[in-house]
Amino acid sequence: MTKKRVFDIIQVGNATDIPSRIFDVGLIIMVLTNLFIALFETFDASEPYLELLNMLELFTVVCFSIEYVLRVWTAEYLYPAMTGRKAVLYYIFSFSGIIDFLSFFPYFLPMFFPTGVVAFRMFRVIRIFRLFRINAYYDALNVISDVIRSKKDQLLSSIFILLVMMVGASLCMYSLEHEVQPDVFQNAFSGFWWAVSTLLTVGYGDIYPVTMAGRMFGIVITFLGVGMVAIPTGILSAGFVEQYTRLKSFNDYSLEADIRFVRLEVDEGHPWLGQEVKDLPLPPGLILAVIQRRGDVVVPRGNTVIALHDHIVLGAEGYQDDVGIALKEIILKQHHPWAGLQIKDLDISRQTLIVMVRRDGRVLIPNGGLELQAGDTVLLYSRRNIQNAKNVNV
């Protein structure tokens with residue numbers, strides 16, 4: 001089995017790739033089994049089954065170890081824009097790579113350091129983060145991460161404002177209550193604990209003001225807390241609505257609109273080379289549908305990196321207009337007066353616009369410095385009658 005095939009299997013597979021789907025389902029089952037063992041071990045009823053639980057845990061940990069080795073081995077396909085060694089290091093120190101490593105490595109530490117068994121068992125709690133792997137298999141869970149990423153600036157701003165209010169409220173309450181309750185509001189941190197429980201509307205009741213000024217201030221902070229906690233909640237709610245509306249509109253758009261597709265190849269020097277899909281400067285209404293890479297079809301995600309020689313398929317709604325745009329097509333022969341001249345030097349009317357140049361099967365976007373050559377096919381818009389031009393209706 002080739003390395004590329006192993007990579008296809010251990011990545012999220014489509015419905016037609018049976019081995020990949022089996023691997024995905026098996027991995028999810030092992031993650032849930034491992035988590036069940038971690039929870040069930042805390043009950044007294046688990047003592048009769050400890051040997052079975054230990055065997056199951058060892059089996060899942062060995063599977064996680066093998067999976068980690070395979071992901072390191074095939075990292076060059078996960079990050080095609082990087083060299084093999086750099087791709088391996090990038091995966092190892094990525095968030096998913098660290099979680100994959102910590103999901104199995106602490107299990108083997110007691111074999112080398114028997115005196116630290118208790119401490120190492122605490123590290124094994126990190127395996128709960130393995131649940132993040134399931135996020136890659138369900139679009140509904142992906143919506144959560146997409147919303148948080150898209151709204152991260154607003155969320156960070158609201159959290160910063162909330163922290164400023166907590167610090168200010170803690171200092172104010174300490175000033176108002178310290179003399180009356182020196183054993184309760186001993187320092188500013190005591191006031192900070194009160195501010196956290198009040199602003200976040202938890203209200204444990206272990207620390208509370210007793211003076212009239214403190215109670216009045218507490219009422220104000222409580223009202224402000226309700227509003228401040230509602231800000232990130234509203235941001236996330238609006239983000240979910242936007243995301244689901246976008247997904248629904250895409251489905252309606254793909255079913256009802258006349259979508260047209262174009263394909264372009266990413267060559268050396270292409271401005272999109274090495275960029276992630278989420279950073280591509282796509283104009284509104286243009287959709288990156290699929291990426292054809294080395295004979296395989298890749299469904300683009302936000303972190304998918306555009307690699308050399310990728311074939312990108314772009315989709316857009318067909319222009320709905322009863323009156324088409326008439327373009328003219330000219331094939332430059334050997335002695336055509338435009339052959340050998342740059343577009344900026346052409347003697348053409350201001351009402352004439354060169355739209356596209358086709359050369360040797362490639363499409364060139366015209367600019368002033370582009371030199372036309374014999375054999376080029378020039379598409380242009382002009383109201384003038386041009387000799388030997390063929391009309392093309394768009």
Side-chain angles (χ1 to χ4, degrees), residues 1-40 53 55-80 87-88 90-107 124 126-149 243-244 247 250-251 276-278 288-305 307 310:
M1 186 178 294
T2 63
K3 183 188 294 189
K4 180 62 170 61
R5 180 56 184 154
V6 172
F7 172 77
D8 293 335
I9 292 176
I10 65 176
Q11 294 302 310
V12 180
N14 52 52
T16 60
D17 194 344
I18 302 302
S20 182
R21 295 301 295 173
I22 293 174
F23 179 87
D24 297 341
V25 173
L27 183 62
I28 293 174
I29 292 174
M30 283 188 289
V31 171
L32 296 178
T33 301
N34 202 268
L35 182 61
F36 170 77
I37 294 172
L39 296 175
F40 188 57
L53 294 177
M55 292 179 60
L56 284 175
E57 185 179 19
L58 176 61
F59 174 75
T60 58
V61 167
V62 170
C63 291
F64 291 156
S65 305
I66 296 173
E67 183 214 2
Y68 180 78
V69 172
L70 293 178
R71 291 190 184 278
V72 171
W73 184 48
T74 59
E76 61 186 273
Y77 293 99
L78 184 62
Y79 308 104
V88 169
Y90 191 86
Y91 167 74
I92 290 175
F93 293 103
S94 65
F95 177 76
S96 60
I98 293 174
I99 295 301
D100 291 344
F101 179 74
L102 293 179
S103 65
F104 72 87
F105 183 71
Y107 181 89
R124 287 161 63 183
I126 298 175
R127 61 191 170 187
I128 193 174
F129 289 102
R130 190 81 185 193
L131 290 172
F132 283 109
R133 274 289 180 192
I134 301 179
N135 184 62
Y137 299 95
Y138 296 98
D139 292 335
L141 295 177
N142 283 328
V143 172
I144 299 175
S145 57
D146 292 340
V147 170
I148 293 176
R149 279 196 298 266
Q243 188 70 8
Y244 279 112
L247 292 175
F250 176 78
N251 292 334
E276 294 185 349
V277 169
K278 67 176 184 293
L288 199 161
V290 294
I291 300 174
Q292 188 177 17
R293 176 178 297 167
R294 300 171 186 170
D296 296 327
V297 175
V298 179
V299 177
R301 299 182 181 271
N303 61 350
T304 303
V305 179
D310 278 356

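Index from 1, following the sequence.
Atoms OG1 and CG, from T304 and L288 in turn, are 9.0 Å apart once rounded to the nearest 0.5 Å. The CZ atom of R149 sits 7.0 Å away from the CG atom of N303 when rounded to the nearest 0.5 Å. Rounding to the nearest 0.5 Å places CD1 of I291 at 5.5 Å from CG of D310. The structure places CD1 of I22 at 13.5 Å from CG of L27, a figure rounded to the nearest 0.5 Å.
Of all non-hydrogen atoms in I9 and P19, the two that sit nearest each other are CG2-O, 4.0 Å. The two residues F7 and T74 make their nearest non-hydrogen contact at CD1-O, 3.6 Å. Here the closest non-hydrogen pair linking V290 and P300 is CA-CD, 3.8 Å. Scanning all heavy atoms of the two residues, the minimum distance from R293 to A307 falls at NH2-N, 3.8 Å. F59 approaches M30 most closely through the heavy-atom pair CE2-SD, 4.3 Å. In terms of heavy-atom proximity, L56 sits nearest to I37 at CB-CD1, 3.7 Å.
Electrostatic pairing of R301 and E276 does not count as a salt bridge here, judged by no charged N lying under 4.0 Å from a carboxylate O.
Using a 30° and 60° split on the angle between ring planes, F101 and F104 fall in the perpendicular class, above 60°.
Side-chain atoms of R71 come within 3.5 Å of backbone atoms of I10 as a donor-acceptor pair (strictly under, hydrogens ignored).
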*Go through the steps to decide whether L32 and F36 satisfy the test side chain to side chain contact (heavy atoms under 4.5 Å, CB included), and finish with yes or no.*
CA-CA 6 Å; L32 296 178; F36 170 77; over 6 Å; no
- [ ] Please assess D8 against Y77 for the test side chain to side chain contact (heavy atoms under 4.5 Å, CB included), listing each intermediate value before the final yes or no.
- [x] CA-CA 9 Å; D8 293 335; Y77 293 99; over 6 Å; no
Between Q292 and V298, is the side chain to side chain contact (heavy atoms under 4.5 Å, CB included) condition met? List the steps.
CA-CA 6 Å; Q292 188 177 17; V298 179; over 6 Å; no
**Prompt:** Do L58 and V62 pass the side chain to side chain contact (heavy atoms under 4.5 Å, CB included) test, and can you show the C-alpha distance, the side-chain angles, and the key distance before you say yes or no?
**Reply:** CA-CA 6 Å; L58 176 61; V62 170; 4.1 Å; yes
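For the pair Y68/C63, no side-chain contact is recorded, criterion being any heavy-atom separation below 4.5 Å from C-beta on. At a threshold of 4.5 Å between non-hydrogen side-chain atoms, the residues N34 and E57 count as touching.
Surrounding OH of Y90 are at most 12 heavy atoms belonging to other residues, nucleotides or ligands under 6.0 Å away.
D100 and Y91 form a side-chain donor-acceptor contact under 3.5 Å, judged by distance and modelled atom types alone.
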